[in-house]
Amino acid sequence: MRIFHDLKSSIESKHVIVVEDIVDSGLTLSHLLGLLSQRNPASLKVCVLLDKYERRKTEVKVDYCGFRIPDKFVVGYGLDYASKWRHLKDIKYVVEE
């Protein structure tokens with residue numbers, strides 16, 4: 001994981017919520033939470049729209065979850081596959097033929 005833009009202000013003693021679209025392996029989110037926790041926030045919570053819990057490779061506590069979904073590829077509502085289907089108003093599973 002590489003960080004291209006760091007925070008512009010301190011999060012020390014502040015309540016922080018990390019908002020994520022989808023969490024699967026948890027590796028990136030775990031790394032990010034580790035970095036943020038070193039900055040001494042008052043609290044650090046995670047909010048995700050979609051949680052693919054079955055794919056977890058490391059334990060990550062999700063405090064607020066929209067939906068738990070099975071291990072299937074999803075598109076729509078901003079999520080895409082090869083730059084396609086991002087515009088869909090619903091979240092759909094991609095079916096491979």
Side-chain angles (χ1 to χ4, degrees):
M1 181 174 143
R2 287 189 349 197
I3 297 177
F4 291 98
H5 300 282
D6 202 352
L7 298 173
K8 295 184 192 261
S9 58
S10 173
I11 62 170
E12 186 171 354
S13 301
K14 295 184 179 178
H15 298 283
V16 176
I17 298 178
V18 175
V19 179
E20 186 66 279
D21 55 357
I22 188 167
V23 177
D24 50 34
S25 71
L27 295 172
T28 302
L29 185 57
S30 176
H31 184 73
L32 177 63
L33 293 173
L35 291 174
L36 293 175
S37 68
Q38 293 174 4
R39 297 176 183 209
N40 302 315
S43 67
L44 184 56
K45 301 209 177 224
V46 174
C47 175
V48 301
L49 176 62
L50 304 172
D51 185 1
K52 282 190 189 180
Y53 189 78
E54 297 171 13
R55 291 192 36 94
R56 210 61 104 244
K57 292 184 179 177
T58 186
E59 189 59 37
V60 174
K61 182 180 179 208
V62 173
D63 300 286
Y64 310 102
C65 175
F67 305 95
R68 259 195 180 179
I69 62 172
D71 184 15
K72 295 183 179 183
F73 200 89
V74 292
V75 295
Y77 208 70
L79 302 164
D80 70 73
Y81 174 75
S83 299
K84 297 177 186 174
W85 303 308
R86 176 182 294 271
H87 67 284
L88 296 175
K89 294 179 183 178
D90 300 309
I91 297 172
K92 307 281 186 178
Y93 295 119
V94 173
V95 178
E96 295 184 46
E97 294 183 3

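As the structure is a prediction and not an experimental result, all values here were calculated from the model.
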*Do the side chains of Leu50 and Lys52 get nearer than 4.5 Å, heavy atoms only?*
no

*asked:* Within this structure, what is the CG-OH distance for the pair Asp90 and Tyr77, rounded to the nearest 0.5 Å?
replied: 10.0 Å

_Rounded distance (nearest 0.5 Å) linking atom CG of Asp71 with atom CG of Asp24_ = 8.0 Å

_Could you check whether atom OH of Tyr93 has more than 12 heavy atoms from other residues, nucleotides or ligands sitting under 6.0 Å from it?_
yes

*For the hydrophobic clusters of this structure (ILVMFWY residues joined by side-chain heavy atoms under 4.5 Å, transitively), does one cluster hold both Ile69 and Ile91?*
yes

*In the single-linkage hydrophobic clustering (I, L, V, M, F, W, Y; side-chain heavy atoms under 4.5 Å), do Val94 and Leu88 co-cluster?*
yes

Please set out all donor-acceptor pairs under 3.5 angstrom arising from side-chain atoms of residues 29-49, sequence neighbours excluded.
from	atom 1	to	atom 2	distance (Å)
Ser37	OG	Leu33	O	3.2
Ser37	OG	Gly34	O	2.9
Arg39	NH1	Asp6	OD1	3.0
Arg39	NH2	Asp6	OD1	3.0
Arg39	NH2	Asp6	OD2	3.1
Ser43	OG	His15	ND1	2.7

*asked:* For Phe73, I'd like to know if atom CZ has over 12 heavy atoms of other residues, nucleotides or ligands within 6.0 Å.
replied: yes

*Should Ile3 and Val18 be counted in the same cluster of Ile, Leu, Val, Met, Phe, Trp and Tyr side chains packed under 4.5 Å apart?*
yes

*Side chains of Val62 and Arg56: does their closest heavy-atom pair fall under 4.5 Å?*
yes

*Can you measure from NE2 (His87) to CG (Asp80) and round to the nearest 0.5 angstrom?*
11.0 Å

*Spell out, as yes or no, whether a donor-acceptor pair under 3.5 Å connects the side chain of Arg86 to the backbone of Gly76.*
no

